[in-house]
Amino acid sequence: MTRQPNHMDDRYVTSEKYVTLKGIHADARRHLSDVHWNYLWCGTGDEVTLRENTAAFDRHLFEAPLFTGVSNPRTDTRVLDLDLSFPAFIAPFGGGESVFHPDAHLAIGRAAKAVGISQMVPVAAFHSLEEVAAASSVASVFQMTFAGDEGAVLDMIARAKDAGYRYICVTYSPIRQWRERMMEDRFSVRGEKAPSNFGEGKSDPAMLRELLDFTQPRWTWEQAARVIAKSPLPCMIKGVMSVRDAKASIDAGAVALYVSNYGARTIDRTPTTIDVLPAVREAAGPDMPIILDSGIRRGSDIATALALGANAVALGRLIALGLAADGEYGVRRTLELLKREFWTTLGHLGCSSPAELNRDVLVQR
Ligand SMILES: Cc1cc2nc3c(=O)[nH]c(=O)nc-3n(C[C@H](O)[C@H](O)[C@H](O)COP(=O)(O)O)c2cc1C
């Protein structure tokens with residue numbers, strides 16, 4: 001009997017430079033200075049949440065069934081109106097991402113396009129939002145912090161729309177973070193090139209100063225709701241970590257929830273995203289799209305997140321590692337390896353598509 005070829009090449013022997021994410025991690029470490037490595041890996045305080053973010057995934061075990069007959073699962077999915085070849089977005093990371101590679105989000109966008117997933121682009125990016133959009137048609141979500149002048153925020157959203165972005169990822173940042181590794185290193189991203197979204201012919205640099213200096217009173221839910229209602233692009237809200245904030249985000253007009261503790265970079269001793277996800281899903285109902293990040297390190301983590309209620313994950317540090325290891329190629333291989341491991345996980349769990357993942361695939365304890 002001849003076997004149908006799998007749609008995804010599953011041979012172990014390949015001429016690719018990277019065959020697992022470990023090789024990418026090792027090359028990234030070799031290429032980055034200690035100071036830049038610390039910038040990538042720093043959490044806040046004692047970094048309790050940083051450690052927990054990955055430990056939480058390890059606590060959720062799979063129950064792989066026998067004789068379920070799935071050998072070639074589909075990995076593709078649709079979140080909002082975005083088609084993804086597997087359930088992942090590039091997380092918006094900026095401020096100093098050019099230390100990983102000078103092509104930064106341009107290289108990331110090209111790699112994301114090659115693999116067929118969507119890219120979120122941060123307001124604090126090294127390249128302007130127009131440059132990133134021009135480099136890749138999958139730059140579909142623009143992340144911006146709601147702070148300062150409401151009119152200036154709306155102007156920037158309009159600018160993102162003109163450049164081709166489809167959604168806004170709203171973030172909130174009330175005060176500076178306590179990142180001891182960076183403090184010990186006396187490293188500040190301000191020493192790096194200023195983000196390109198501000199200045200001559202771009203957006204008002206006062207907005208950038210507000211992002212960095214936290215001079216004005218922070219926005220309230222009422223302000224956020226008012227701007228979301230006027231926004232020419234639909235908004236998702238990032239940083240939802242409780243039932244209270246899930247409900248408030250929906251009331252404020254969010255079209256999707258983004259469960260995130262920012263990779264433990266804002267405040268220590270918060271819960272992990274994977275631990276709050278089931279309650280957030282229950283509060284949000286079955287139809288509200290939920291994206292989750294913080295601690296995704298391999299393809300099987302994506303399956304765990306989906307089994308607990310997420311529609312897709314976002315990838316932060318993993319993408320920075322790929323970028324530091326080998327620019328666009330490093331990011332592309334990171335995505336290919338994640339997708340392939342996710343595919344393998346689906347098959348072992350007896351799921352023919354991501355939509356079939358639910359809590360039954362996890363060992364119930
Ligand atoms: C170096 C670095 C810079 C980041 N900059 C931003 C940013 O500008 N805006 C934002 O919303 N999140 C930012 N994040 C958080 C990521 O979007 C994402 O939430 C986080 O990396 C997820 O955690 P993980 O990478 O440990 O999985 C940054 C993360 C890192 C590692």
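Counting starts at 1 for both ligands and their atoms, following the listed order. Side chains included, hydrogens not; waters and symmetry mates left out as well; all remaining heavy atoms used.
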Specify whether W37 and H25 have parallel, tilted or perpendicular ring planes, treating 30° as the upper limit for parallel and 60° as the lower limit for perpendicular.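 W37 and H25: perpendicular rings.
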Parallel, tilted or perpendicular, judged at 30° and 60°: which one describes the rings of Y39 and F100?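 Judged by the thresholds at 30° and 60°, the geometry between Y39 and F100 is parallel.
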Is it the case that the side chains of [Y] and [X] hold a donor-acceptor pair, with the cut-off being a distance below 3.5 Å and no angle test?
X: T145; Y: T171; result: yes
X: D76; Y: S85; result: no
X: E341; Y: T345; result: no

Using a 4.0 Å cut-off on heavy atoms, what residues surround ligand 1? Order them by chain and number.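 Residues Y39, L40, A91, P92, F93, G94, P122, Q143, T171, K238, S260, Y262, G263, R265, D293, S294, G295, I296, R297, G316, R317 each place a heavy atom under 4.0 Å from ligand 1, listed by chain and number.
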Using side-chain hydrogen bond (donor to acceptor under 3.5 Å, both in side chains) as the criterion, list what pairs up with R265, not counting sequence neighbours.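 Applying side-chain hydrogen bond (donor to acceptor under 3.5 Å, both in side chains) to R265 gives none.
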